[in-house]
Amino acid sequence: EVRAVDDGVISARSATLGQVAQPGTELFRLIRQERLEWQAELNSRQLSQVHAGQTVTINLPSGDQVSGTVRQLAPSLNNSSRLGLVYVDLQPGSTARAGMYVSGTIDLEQKESLVVPAEAVVLRDGRSSVFRMGDDDKVIQTPVETGRRNGNMVEITQGLSAGDPVAVRGAGFLADGDRVKHAPGKELGVHASNLPETEVVQ
């Protein structure tokens, strides 16, 4: 007589009819209480922002989404990949199955950030910069440090202050010191000579 240690679903069976089982031999594998977990691989910077109890949204291959909660973090990183595991408990009753490859997002703590449209950030020579409007109607190429992305918005962690007007549409065609003027009838629009119209937001 073989008794299960808990309620659940048998996910694998190695026992065969007539087998003489030795002590310690695996006979069945059981998903206890039908609970599944997602083992997310994160780098050291990402791990520093994650803690137990955070909400997780997991995208399944079918297009469905399932919610989960961070249970614990691995105490060390993998020596070869330098990635660490985050163990996420999935809500029961979803269409997730053991062995699936999935992706997901972990909801971090909310805080106010300085953001600009992604189109305003120009990448040149491996560095990110924006074109800030100067007092003399000339744009100033300003190096910035970028952070998180949310849709079409990019977080600026260093290089700008709140309220600084920056060029958006057409920013990739500008150069440091280009003179611009406000487009007629557009309070926040500007255009530069011999350049496509450039939109400026504040």
Side-chain angles (χ1 to χ4, degrees), residues 1-121 123 126-128 144-158:
E1 185 177 84
V2 179
R3 293 182 178 271
V5 296
D6 200 353
D7 293 337
V9 175
I10 299 296
S11 62
R13 183 188 71 177
S14 55
T16 58
L17 186 63
Q19 174 184 355
V20 179
Q22 300 298 322
T25 302
E26 180 182 294
L27 301 178
F28 302 94
R29 288 194 177 187
L30 176 72
I31 301 177
R32 303 182 66 167
Q33 302 290 337
E34 299 188 43
R35 293 173 51 193
L36 292 176
E37 71 176 12
W38 175 44
Q39 297 181 4
E41 295 182 329
L42 303 180
N43 59 38
S44 57
R45 182 184 63 83
Q46 294 169 328
L47 280 172
S48 65
Q49 304 177 69
V50 178
H51 56 78
Q54 287 177 319
T55 303
V56 181
T57 302
I58 299 167
N59 304 309
L60 303 180
S62 62
D64 296 336
Q65 291 185 330
V66 57
S67 298
T69 305
V70 176
R71 185 178 81 253
Q72 68 179 36
L73 282 68
S76 60
L77 303 182
N78 184 282
N79 290 331
S80 56
S81 66
R82 312 310 301 174
L83 298 176
L85 291 179
V86 174
Y87 298 92
V88 179
D89 288 333
L90 276 62
Q91 288 185 347
S94 71
T95 57
R97 295 292 181 267
M100 279 184 173
Y101 287 96
V102 300
S103 62
T105 56
I106 300 175
D107 294 336
L108 304 180
E109 296 177 352
Q110 294 185 357
K111 64 177 183 179
E112 292 187 355
S113 300
L114 179 64
V115 297
V116 298
E119 196 175 354
V121 181
L123 185 63
R127 301 187 62 183
S128 298
V144 294
E145 296 290 336
T146 60
R148 298 166 296 173
R149 288 178 175 263
N150 185 11
N152 191 41
M153 306 303 290
V154 178
E155 180 185 21
I156 303 297
T157 59
Q158 187 175 352

Spacing of [atom1] belonging to [X] relative to [atom2] belonging to [Y], to within rounding of 0.5 Å:
X	Y	atom1	atom2	value
L123	T146	CG	OG1	9.0 Å
Q49	I106	CD	CD1	9.5 Å
M100	S62	CE	OG	6.0 Å
T95	Q65	OG1	CD	11.0 Å
S94	I58	OG	CD1	8.0 Å

**Request:** May I have the step-by-step check of side-chain contact (heavy atoms from CB on, under 4.5 Å) for L77 and L47, ending in yes or no?
**Result:** CA-CA 10 Å; L77 303 182; L47 280 172; 3.3 Å; yes

Taking [atom1] in [X] as the centre, count heavy atoms belonging to other residues, nucleotides or ligands within less than 6.0 Å. Is the count above 12?
X	atom1	result
Q158	CD	no
R127	CZ	no
R149	CZ	no

For [X] versus [Y], what's the shortest heavy-atom pair and its separation?
X	Y	result
L85	E41	CD2-CG, 3.6 Å
W38	L90	N-CD1, 3.4 Å
R71	D89	NH1-OD1, 2.7 Å
L36	A96	CD1-O, 3.4 Å

**Item:** Short side-chain donor-acceptor distance under 3.5 Å, Q39 and E37
**Value:**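 On atom types as modelled, these side chains qualify, holding a pair under 3.5 Å.
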
**Message:** Test your reading of the model: is there a side-chain donor-acceptor pair from Q46 to the backbone of N43, 3.5 Å cut-off?
**Reply:** yes

**Prompt:** Are any side-chain N or O atoms of S14 and backbone N or O atoms of L27, one a donor and one an acceptor, separated by less than 3.5 Å?
**Reply:** yes

**Asked** T157: what forms a side-chain contact (heavy atoms from CB on, under 4.5 Å) with it, not counting sequence neighbours?
**Response**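 Per chain and number, T157 pairs via side-chain contact (heavy atoms from CB on, under 4.5 Å) with E145, E155.
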
